[in-house]
Amino acid sequence: MSAPDITIDAKAAPILPVNSRADRPLFFVLMIMVFLACLSAIAAHASYRAAHHWGADLRASATVQIKPASGQDGVEMQIRTVQIAQTIAGIDSAAAVDDAQARALLRPWLGDVTLPADLPIPHLVELSLSDGEENALNILGQALEAAAIPVDIDDHQRWGADIRRATKAVQITASLALILLVGGAAAVAGFATQSGMSARRIIIDVLEQVGAAPHYIARLFVIRFGKLGLMAGAAGALGAAIMALLFWLMTGRGRAAMMPSFTLDKTDMAILIIAPVFAAIICAVAAGLTALSSLKSEAQ
């Protein structure tokens with residue numbers, strides 16, 4: 001009589017399967033959190049990039065406003081200011097702003113209206129400065145004063161201060177949002193671990209009866225939720241990359257002068273690559289600490 005054939009499954013199912021239906025809500029919650037965290041980090045980095053470019057543009061330019069007294073020829077003073085500015089080291093170029101350009105500069109404040117012909121329009125001169133030439137404007141001011149040309153030189157520093165304050169506010173807000181999302185992901189992973197341990201109470205009891213140490217049982221939850229966090233993080237990072245691409249297309253592919261560009265550079269790509277790994281680490285650590293704490297409290 002021959003022995004019965006016994007089929008052995010070489011690949012046994014894991015004790016805590018990752019693709020359990022009960023994990024789907026947790027997967028979507030973690031995916032959304034990683035998606036928002038990536039967008040927050042990319043937005044903070046984009047604001048820093050935009051502020052850096054705007055600040056560099058402002059530092060490389062200045063505006064001279066000529067204030068002629070009654071009876072003085074403002075146009076002649078404007079031409080003379082351009083001539084003096086072109087002789088000063090550190091000033092790459094100087095150009096007079098004509099009447100039409102000056103009137104166009106008033107439209108954002110006055111609206112698209114027809115201005116009276118006798119309206120006194122400021123006489124302006126635009127300057128382009130060399131990098132690192134901070135004393136050029138002081139020398140220009142002294143030269144114009146010696147030439148008896150009353151002017152007001154705007155070095156755009158107040159605009160740079162406003163940009164720095166706005167950028168700092170955006171970065172602080174994005175950082176706080178990122179910290180809250182990381183804390184929320186850890187809390188969700190911990191809660192899910194506690195629920196998973198309650199749902200698998202029989203399996204845990206059996207493992208404890210056969211002599212499994214608490215660290216072994218906790219490692220099962222670490223592996224399970226670590227893999228889940230990695231998959232959810234990858235999905236969330238992919239969604240953030242798609243959203244950044246759509247924003248880039250909708251804003252004119254980075255041509256909007258007053259909007260931060262969402263073109264993904266090396267730093268943004270690093271954020272998207274690190275995010276799934278970071279999510280996996282957060283979920284694994286939260287799951288391991290929660291499982292160990294629960295097992296130790298039950299043993300007491």
Minimum heavy-atom distance between [X] and [Y], given as atom pair plus value:
X: V125; Y: A94; answer: CG1-CB, 4.3 Å
X: L272; Y: A240; answer: CD2-CB, 4.1 Å
X: I88; Y: A143; answer: CD1-CB, 4.4 Å
X: G229; Y: A279; answer: O-CB, 3.7 Å
X: A37; Y: L181; answer: N-CD1, 3.3 Å
X: A232; Y: L30; answer: CB-CB, 3.6 Å

Q83, CD: over 12 other non-hydrogen atoms inside 6.0 angstrom: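 Check passes, neighbour count above 12.
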Got a sec: does the CD of E76 have more than 12 other heavy atoms crowding it under 6.0 Å? no
Is it the case that the side chain of T290 and the backbone of A287 share a donor-acceptor pair, with hydrogens and angles ignored and the cut-off at 3.5 Å?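 Side chain of T290 to backbone of A287: no pair is present.
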Is it true that a side-chain atom of Q78 and a backbone atom of V97 form a donor plus acceptor pair closer than 3.5 Å?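 It does hold such a pair.
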Connected via hydrophobic side-chain network under 4.5 Å: [X] and [Y]:
X: L127; Y: I149; result: yes
X: L289; Y: I281; result: yes
X: M231; Y: F28; result: yes
X: I282; Y: L26; result: no
X: M33; Y: L180; result: no

Report yes if some heavy atom in the side chain of [X] is under 4.5 Å from a heavy atom in the side chain of [Y]; otherwise report no.
X: L228; Y: C283; value: no
X: L144; Y: I66; value: no
X: L140; Y: V151; value: no

Derivation and outcome, side-chain hydrogen bond (donor to acceptor under 3.5 Å, both in side chains), residues H45 and R49: CA-CA 6 Å; H45 182 233; R49 270 201 321 260; 3.1 Å; yes
Measure the [atom1]-[atom2] distance between [X] and [Y] for me, rounded to the nearest 0.5 Å.
X: F247; Y: I42; atom1: CZ; atom2: CD1; result: 11.5 Å
X: L36; Y: M31; atom1: CG; atom2: CE; result: 10.0 Å
X: I84; Y: M77; atom1: CD1; atom2: CE; result: 10.5 Å
X: I274; Y: C38; atom1: CD1; atom2: SG; result: 10.5 Å
X: L230; Y: F225; atom1: CG; atom2: CZ; result: 14.5 Å
X: M243; Y: L245; atom1: CE; atom2: CG; result: 10.5 Å

CA sep, side-chain torsions, deciding dist, call: I91, L129, side-chain contact (heavy atoms from CB on, under 4.5 Å): CA-CA 5 Å; I91 299 179; L129 307 177; 3.9 Å; yes
